[in-house]
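For reference, the structure is listed below as structure tokens.
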Protein chains: 2
Amino acid sequence: MRQKITIKTIAKELGVSTSTVSKALKDSHEISADTKQKIQAYANLYNYKPNNLALQLRNQKTKLIGVILPKIVHHFFSTIIKGIEEVANERGYHIMVCFSNESFKKEYENLRVLSNGSVDGLIVSIANETMENKDFSQFKDLVSEEIPLVMIDRVVSDILCDKVVVDDVGGGYKATDYLLRTGCKRIALVTTPNHVSVSALRRQGYEKALIEHYIKSDTSIIVEIDEEENFNDQIAPIFNKDIDAILAVNEIYAAKCIKYAKAKGLEVPYDISVIGFTDGLISEYSSPSITSVAQHGFLMGKQAVDMLINHIENDSEDYKPKRNVISSDLIIRESTKTSS
Amino acid sequence: MRQKITIKTIAKELGVSTSTVSKALKDSHEISADTKQKIQAYANLYNYKPNNLALQLRNQKTKLIGVILPKIVHHFFSTIIKGIEEVANERGYHIMVCFSNESFKKEYENLRVLSNGSVDGLIVSIANETMENKDFSQFKDLVSEEIPLVMIDRVVSDILCDKVVVDDVGGGYKATDYLLRTGCKRIALVTTPNHVSVSALRRQGYEKALIEHYIKSDTSIIVEIDEEENFNDQIAPIFNKDIDAILAVNEIYAAKCIKYAKAKGLEVPYDISVIGFTDGLISEYSSPSITSVAQHGFLMGKQAVDMLINHIENDSEDYKPKRNVISSDLIIRESTKTSS
DNA sequence: TGTCAACACGAAACCGATTTCGTAGTGTTA
DNA sequence: TAACACTACGAAATCGGTTTCGTGTTGACA
């Protein structure tokens, strides 16, 4: 990079001290109008910009927020980022984004680097691998170092920090309840293995709704997809079980189920209703469009960063962790019958 | 934040100088084994981490790359980010992500902040608004300040920096050519206003293919969507023009066209073929799945960051700008006939 | 004419590291 | 014993700003 112009350069060039330059650029009353004018003109001419690093070091704050998410090519997570970035910008912050790719090691590495003073606070959604091996020590370290932290979506309860979560139980409940109210009797559940905490919660909601309608949940129509490659082989069995509806824990599963049903000659929603989670582009634009549980990632991002910045800028000794729950709503489209 | 432990703390506590501590922590031969052991043990015990800001200021490099994109909730751009982040991490960098939301002002603001020494280099895809008003002065400033810059996807030719672009002309050509080869005769184009540079290029490819097949392009079957709200009203006219295929400049337009065609009782692809751009989730999971032009955003991100870091780490005086073109491929799915 | 306040500016400390250079103390050698 | 090398460490400069405090000059007032 070319020789940057600094306060020192200006001071030397104009034969004044660095303090004078600094004050003049801030329009301090201590400096005479003449000198100010001269310094400001010079600074403008040579396009002087104060070095951010120096300011950050001096002020002991970076106005930067670290964000660590499991993945990015995903509607829910990208809307979260959008929400975070929007509010962060409004409040004068920028964001550093990292991805764990669901890997414990990469998450650990990112946390390590970002907690070295690079950022004023962190927003994290935990990687699946970390959820499985249950090693949360690095998060506990953050808390004990008093680095402001907000956990979103995938959270663990014994870490004392702010949290924003989706009401996944409620979402599962609402979807299942809606299917039952529109006349469905046997609702299959297409989900992921249970260690994925959000799936487990959605399943709870599903089971809760069934119970309320006096229906026994039947594990033979619940599929836990382990490898996405042979998705169709894994869901095939439930189609022989007289089902008239499917609740899928994400929109890709929902779309795949619809495709499979069509291939089997079933018509959606007349022969079979389908509801997915994650109200993304697939749900909106496929045909039939898919009824789905919206999780409001945008709102989640906004709330998370608001809590974080409040924490950062509030230097009272003891901060009481808050927990926000974002309710999930059912967006009704063409893949379900209308309530009658 | 709690009182952080610094080199100074350690030095005072152990009664040595800061230089000794610094050297001991780097295992310098200048320090006796005894002293080293003592200092390292102390640092470990109190979980000392060197302050990143101080290091960045000292080393005059941040190991940070600024990324400014028009939007995030979009398959193409999110894959670009993924590509950038992956290679950046491999090479020891992190990324700061900002979004312009297609706004000139926000782009300008982001550029201003990031070029203050916060990052070692920038990757930018220009906002639509900037494309329209053609004010690229801030980019020229970056170049003259010798801040490494890579422009991706939406680029302007008279800025002397590295570039990575998609072969949009080729993509438009390949798609149109394929439609013609599979028996389509009248291919409508559903596009955006022409100032969006990528749309203009895709249209060039479309027209080139028509010419090669001795077909005159007919503006009555070309629609420039201006407001997405009444999309259907805008495309309705072309359906009365005997068309047997549609080339849409993005996957949302393609999906909406398919939906509209279905509603009109047309069957895809037997009555009408459809091809979109951006090979995202919609194309893959809707039914019928949509034949589309893949733009390889992942690859684009990887190449961009590679060029950028090469530039950053190569301090030879004159850097010659490079320009990579990523070829776009046709992914054939169910919304088009098979070639026979 | 002496006193004092206001003005305009500079010196120096500071943020947290790294690194160059200097030096006290010890041991070796002629 | 004088000269010298080596070990182990510290002082100080540096990165680029901000901020506190001190000070020389001026003018007003008694």
Side-chain angles (χ1 to χ4, degrees), chain A residues 1-40 42-43 46-64 113 115-120 145 147, chain B residues 1-40 42-43 46-64 113 115-120 145 147:
Chain A
M1 216 173 300
R2 204 177 49 175
Q3 183 56 34
K4 289 285 275 181
I5 176 168
T6 70
I7 279 205
K8 217 174 283 184
T9 330
I10 302 182
K12 196 174 295 172
E13 217 60 35
L14 297 181
V16 293
S17 77
T18 60
S19 12
T20 306
V21 177
S22 174
K23 287 169 191 164
L25 292 174
K26 316 200 82 179
D27 218 26
S28 159
H29 64 274
E30 283 186 45
I31 307 297
S32 71
D34 264 22
T35 317
K36 266 196 242 181
Q37 207 281 325
K38 208 170 54 182
I39 292 177
Q40 287 170 0
Y42 190 96
Y46 290 99
N47 193 23
Y48 167 77
K49 298 180 205 168
N51 181 308
N52 242 329
L53 293 177
L55 291 179
Q56 291 176 0
L57 180 59
R58 177 99 239 268
N59 301 330
Q60 296 289 21
K61 54 183 130 182
T62 61
K63 291 280 180 176
L64 234 71
V113 176
S115 63
N116 274 222
S118 307
V119 297
D120 291 347
E145 288 175 45
I147 294 175
Chain B
M1 212 174 302
R2 202 177 50 176
Q3 182 57 33
K4 288 286 278 184
I5 177 169
T6 70
I7 278 205
K8 215 175 282 184
T9 330
I10 302 181
K12 194 174 297 171
E13 216 60 35
L14 297 181
V16 293
S17 77
T18 60
S19 13
T20 306
V21 175
S22 174
K23 288 169 190 163
L25 292 174
K26 317 200 79 180
D27 218 25
S28 158
H29 64 274
E30 284 186 43
I31 308 298
S32 71
D34 264 22
T35 315
K36 267 195 242 182
Q37 207 282 325
K38 207 169 52 182
I39 293 177
Q40 286 170 1
Y42 189 95
Y46 290 98
N47 194 23
Y48 166 77
K49 297 181 207 168
N51 180 308
N52 242 329
L53 293 177
L55 290 177
Q56 291 176 0
L57 180 59
R58 179 102 237 273
N59 301 330
Q60 295 289 14
K61 54 183 130 180
T62 60
K63 290 281 181 178
L64 235 72
V113 176
S115 63
N116 275 223
S118 307
V119 298
D120 291 346
E145 287 175 46
I147 295 176

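These values consider heavy atoms only, across backbone and side chains, with no hydrogens, waters or symmetry-generated copies. Every chain is numbered from 1 and lettered A, B, ... according to where its sequence line falls, protein lines coming before strand lines.
Not counting sequence neighbours, the partners of A:Lys36 by the salt bridge (Lys or Arg N to Asp or Glu O under 4.0 Å) test are A:Asp27. B:Ser22 meets the side-chain hydrogen bond (donor to acceptor under 3.5 Å, both in side chains) test with no other residue; sequence neighbours excluded. For B:Lys63, there are no side-chain hydrogen bond (donor to acceptor under 3.5 Å, both in side chains) partners two or more places apart in sequence or in a different chain. For A:Lys49, the side-chain contact (heavy atoms from CB on, under 4.5 Å) test picks out A:Asn47, B:Ser115, B:Asn116, B:Glu145, with sequence neighbours left out. For B:Asn52, the side-chain hydrogen bond (donor to acceptor under 3.5 Å, both in side chains) criterion is met by A:Ser118, not counting sequence neighbours. Remark: B:Tyr42 pairs with B:Tyr46 by the ring pair (Phe, Tyr, Trp, His ring centres under 6.0 Å) rule, at least two apart or across chains.
The side chain to side chain contact (heavy atoms under 4.5 Å, CB included) test with B:Val21 is passed by exactly one of B:Thr6, B:Ile31, B:Ile7: B:Ile7. In summary, of the residues considered (B:Leu25, B:Ile39, B:Thr9), a side chain to side chain contact (heavy atoms under 4.5 Å, CB included) with B:Tyr48 occurs for B:Leu25 alone.
A:Ile31 has its CD1 atom 18 Å from the P atom of C:dA6, to the nearest Å. Rounded to whole Å, atom P of C:dG10 lies 13 Å from atom CD1 of A:Ile7. As rounded to whole Å, 7 Å separates atom P of C:dC14 from atom NZ of B:Lys8. Put simply, CG on A:Asp27 is 13 Å from P on C:dA8, counting in whole angstrom units.
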Check nucleotides 21-27 of chain C for protein N or O atoms closer than 3.5 Å to its own N or O atoms and list the pairs.
none

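Evaluation of the salt bridge (charged side-chain N to carboxylate O under 4.0 Å, His left out) test over residues 13-23 of chain A, restricted to residues two or more places apart or in two chains, returns A:Lys23-A:Glu30.
One finds a side-chain N or O of A:Gln60 lying less than 4.0 angstrom from the OP1 or OP2 phosphate oxygen of C:dG16.
At its two ends the helix from C:dT1-D:dA30 to C:dA30-D:dT1 runs along axes set 80° apart, each axis drawn from five pairs and the angle rounded to 10°.
The two residues A:Ala43 and A:Ile10 have their closest heavy-atom pair at CB-CD1, 4.2 Å. When every heavy atom of A:Ala11 is checked against every heavy atom of A:Ser17, the shortest pair comes out as CB-C, 3.8 Å. The two residues B:Leu55 and B:Pro50 make their nearest non-hydrogen contact at CD1-CB, 4.1 Å.
Checked by atom type and distance alone, the side chain of A:Asn51 pairs as donor or acceptor with a backbone atom of A:Leu53 at under 3.5 Å.
Protein chain B contacts DNA chain D from D:dA8 to D:dG16, reading 5' to 3' and using non-hydrogen atoms of the protein with a distance under 4.0 Å.
Within the 4.5 Å cutoff, the side chain of A:Leu64 has no heavy atoms near those of the A:Asp120 side chain.
Remark: A:Ser19 in residues 12-21 of chain A come within less than 4.0 Å of DNA chain D through at least one heavy atom. Within residues 46-58 of chain A, the residues that place at least one heavy atom under 4.0 Å from DNA chain C are, in residue-number order, A:Leu57, A:Arg58.
Residue B:Ser32 is in sugar-phosphate contact alone, with no base atom involved, counting any heavy-atom pair closer than 4.0 Å across all strands shown.
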